There are 2 protein chains.
Amino acid sequence: MNQPRVQEKEATSRRIILDCAARLFRTEGYAATSLRRIAAASNMKSGSLYYHFASKEEIITEVLNMGVQRVHDEVWRSTAELPPDADSHTLVRTAVRAHLAALHELGDYSSANVRIYGQVPEHVRNAHKPIRIAYEDLWIALLGRCVSQGSLRGDVSRRFISTFMLGAMNASLEWGTPESGRLQQMADDMAELFLRGIMTSNQ
Amino acid sequence: MNQPRVQEKEATSRRIILDCAARLFRTEGYAATSLRRIAAASNMKSGSLYYHFASKEEIITEVLNMGVQRVHDEVWRSTAELPPDADSHTLVRTAVRAHLAALHELGDYSSANVRIYGQVPEHVRNAHKPIRIAYEDLWIALLGRCVSQGSLRGDVSRRFISTFMLGAMNASLEWGTPESGRLQQMADDMAELFLRGIMTSNQ
DNA sequence: GTCTATATCTGGATAGAC
DNA sequence: GTCTATCCAGATATAGAC
């Protein structure tokens, strides 16, 4: 009865391959990352990858999806845990913290996603797109909760604000890898800039 | 006496090659963009590129540098033209407008820069780095003018704020190509978000 | 200044042994 | 599940004709 062991090994190898692939896609780019290099980093030979994945495109698809899915889940969970009457500042701060924490924890996956989304083959991008849109919609909904409290400014569209915020937060992936203590501080600083802007007085 | 004509043709071909290269680097990635494709897009054969450039790395270096240099120059010029006693809001709005206008005008150059900077061979990146740092320093200096007016918040470092703003603005390259009318509006909206944040009241 | 032709290398993917 | 061996397409770069 060693069926479970085999499945475990397959799942583990799969995960190792994806981790290495994500790291290489992030740092080298999509086309520059050969299956031979992914295999070597995973302590395998290139032919062996085809036991786990049908093609390079199947690997990048998995990497792209994982880069968004976990962030989505964390932001959803952390904001759903808040009391229904939580004020807008708390809501935004919580979502920003969750996004940045998950983003940097995922590291190579989310960074690879941000960096090479615009450069993968079009049908790969199209297959991934719904996951991105679902995540954007989550943010639109969060901002909707602010609107219903009358606290979100009305002169700029919610879609613009959410795209703006996501872009600003994702750009932080290019700043290097902060220790988790620093990350907390960074998230709070960024939430503050979002909420109140860069100036002292708001005349 | 056709020496000038020849130089003109060389300069023109060079520029065509760089334009095509920037567009391809942006959309396909660095490694995925072959010299054959750059040549084809430039209505040439791949061998001919070597008359104008010594290597693929020389091409990408030029593309990276152009992507920052023009933006730098535009932001510098537009803010230097302001009266020395211009208020902080005007200063920031002017710089944001200039950055976004130049960024989207350069299009493929700046977008290629943002997208593939982290994926280009290390010595290419190192050669380009001083130009990036000089531009960041320009923003630090602009924010310094706000500090001396007592209008920049003091609880977050100037370096953090400038990195935050540049990241947020550069992310807009991924939103598609706006018509120039829309671009003006976008720049003003973004400046507003920077200056006053996303909320209505700042209690 | 641009071409053709080519040397040399590395890529994704497959077949079949173990 | 992982290996070796291999096919074939496509890469950078060079050489030399025009």
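Computed from a prediction, not measured in an experiment: that's the story for all the values here. A, B, ... follow the sequence lines: proteins, then strands. Residue 1 opens every chain. Values below: every heavy atom of this structure, side chains too, minus hydrogens, waters and symmetry copies.
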**Asked** Where does the angle between the aromatic ring planes of His72(A) and Tyr135(A) fall among parallel (under 30°), tilted (30 to 60°) and perpendicular (over 60°)?
**Response**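 The arrangement is tilted - the two ring planes meet at 30° to 60°.
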
| request: May I ask you to decide if the ring planes of Phe164(B) and Phe164(A) are parallel, tilted or perpendicular, using 30° and 60° as cut-offs? | output: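 Rings of Phe164(B) and Phe164(A): perpendicular, as their planes differ by over 60°.
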
Given [N], is OP1 or OP2 found less than 4.0 Å from the side-chain N or O atoms of [X]?
X        : N       : result
Tyr51(B) : dT2(C)  : no
Ser34(A) : dG11(C) : yes
Ser13(B) : dT2(C)  : yes
Ser48(A) : dG1(D)  : no

Rounded to whole Å, how long is the line connecting atom [atom1] of [X] with atom [atom2] of [N]?
X        : N       : atom1 : atom2 : result
Ile16(B) : dG1(C)  : CD1   : P     : 13 Å
Tyr50(A) : dA17(C) : OH    : P     : 20 Å
Arg36(A) : dT14(C) : CZ    : C1'   : 12 Å
Glu58(B) : dA13(D) : CD    : P     : 11 Å
Phe53(B) : dT14(D) : CZ    : P     : 16 Å
His52(A) : dT2(D)  : NE2   : C1'   : 8 Å
Arg14(B) : dT2(C)  : CZ    : P     : 13 Å
Glu28(A) : dG11(C) : CD    : P     : 11 Å

Out of [options], whichever nucleotide has its closest atom nearest the side chain of [X]:
X        : options                  : result
Lys56(A) : dC3(D), dG12(C), dT2(C)  : dG12(C)
Ser46(B) : dG1(D), dA13(D), dG12(C) : dA13(D)
Leu35(B) : dG12(C), dA13(D), dC3(C) : dA13(D)
Met44(A) : dC3(D), dT14(D), dC3(C)  : dC3(D)

Review point. Under a 4.0 Å N-O cut-off, is there an ion pair linking Asp19(A) with Arg14(A)?
Key: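 Between Arg14(A) and Asp19(A) there is no salt bridge, as every charged N stays at least 4.0 Å from the carboxylate O atoms.
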
Open item on the list: What's Lys45(B) touching, base or sugar-phosphate or nothing? Going by heavy atoms closer than 4.0 Å.
Closed with: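 Base: the residue Lys45(B), judged by heavy atoms under 4.0 Å, touches a nucleobase.
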
Which part of the nucleic acid, if any, lies within reach of Thr33(A) when heavy atoms closer than 4.0 Å are counted: base, sugar-phosphate only, or nothing?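 Answer is sugar-phosphate: Thr33(A) comes under 4.0 Å of backbone atoms only.
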
Notebook entry, point to check: Does a sphere of radius 6.0 Å around CZ in Arg182(A) hold more than 12 heavy atoms from other residues, nucleotides or ligands, not counting ones at 6.0 Å or beyond?
Noted result: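 Count not over threshold, so no.
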
Next on the checklist: Are the side chains of Glu136(A) and Ser162(A) in contact, using a 4.5 Å heavy-atom criterion?
Outcome noted: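 Not touching, per the 4.5 Å side-chain cut-off.
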
